[in-house]
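Take a look at the structure set out below.
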Amino acid sequence: MASIFTVGALSYQRYRLVVRPFKGKLPRRRFFIMLASIWLLPVFLAGLPYSFVLRLDQNSSSCMEEWIPASSQAQVKLSFTTYLFIIQYVLPLGLIVWCNVKAIVELKR
């Protein structure tokens, strides 16, 4: 997830430099906020929800997924997978496409 967020940040920077070239470079504070977000957002968006279903198996000293009772387990797994698909693929792809289309439109002017 951090790598796709990096690609999204690069697309945003490219858009920003094409559309507003004289605005100057990214302020140092905003750069560090963006950098921290690239690495911390995946922990909160994917790691934190996943940590609620991991359980330590004392016998084998390993972590196992322990979803809710089997009757609705498939639905919860599907919901989590859909959530990850949207967070990891759909939203970053939308940002990347939007930034690149706006940059292309600006360059064609």
Side-chain angles (χ1 to χ4, degrees):
M1 196 182 281
S3 61
I4 193 63
F5 285 178
T6 302
V7 172
L10 289 172
S11 293
Y12 172 73
Q13 280 299 103
R14 185 179 315 116
Y15 156 76
R16 194 171 167 272
L17 290 172
V18 168
V19 174
R20 296 184 180 96
F22 301 112
K23 194 170 182 176
K25 62 182 191 176
L26 195 65
R28 189 178 206 73
R29 178 179 163 92
R30 187 176 289 171
F31 169 76
F32 284 113
I33 290 171
M34 187 180 288
L35 187 64
S37 297
I38 287 172
W39 287 100
L40 293 177
L41 275 175
V43 171
F44 292 114
L45 294 176
L48 190 62
Y50 190 61
S51 69
F52 290 119
V53 298
L54 289 178
R55 300 288 177 254
L56 179 63
D57 183 8
Q58 297 293 339
N59 298 332
S60 64
S61 296
S62 64
C63 286
M64 305 295 286
E65 293 177 3
E66 187 177 290
W67 298 88
I68 59 174
S71 60
S72 57
Q73 182 174 352
Q75 182 62 33
V76 173
K77 280 186 176 182
L78 179 64
S79 298
F80 186 66
T81 303
T82 304
Y83 164 76
L84 287 179
F85 175 73
I86 291 169
I87 297 297
Q88 291 178 322
Y89 185 76
V90 175
L91 294 178
L93 180 63
L95 173 72
I96 292 165
V97 167
W98 182 82
C99 288
N100 287 327
V101 166
K102 293 291 274 187
I104 289 169
V105 167
E106 187 67 27
L107 287 173
K108 285 194 175 197
R109 277 199 233 171

Show me the donor-acceptor pairs, under 3.5 Å and distance only, between side chains in residues 88-108 and residues at least two apart or in other chains.
residue : atom : partner : partner atom : Å
Asn100  : OD1  : Arg14   : NH1          : 2.9
Asn100  : ND2  : Ile96   : O            : 3.2
Glu106  : OE1  : Arg109  : NH2          : 3.4

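Two residues are said to be in side-chain contact when any heavy atoms from C-beta on lie closer than 4.5 Å; Phe5 and Ser37 fail this criterion. Between Val7 and Tyr12 there is no side-chain heavy-atom pair separated by less than 4.5 Å.
When hydrophobic clusters are built by joining Ile, Leu, Val, Met, Phe, Trp and Tyr residues whose side-chain heavy atoms come closer than 4.5 Å, directly or via intermediates, Ile87 is not grouped with Val43. Residues Leu41 and Trp39 share a single hydrophobic cluster, defined by chaining ILVMFWY side chains whose heavy atoms lie under 4.5 Å apart.
Every side chain to side chain contact (heavy atoms under 4.5 Å, CB included) that Arg29 has, sequence neighbours left out, goes to Ile33. Evaluation of the side chain to side chain contact (heavy atoms under 4.5 Å, CB included) rule for Phe31 yields Leu26, Leu35 as partners, not counting sequence neighbours.
Remark: side-chain polar atoms of Tyr83 are not paired, donor with acceptor, to backbone N or O of Ala46 under 3.5 angstrom.
Nearest heavy atoms, Pro42 versus Ala2: CG-N, 3.9 Å.
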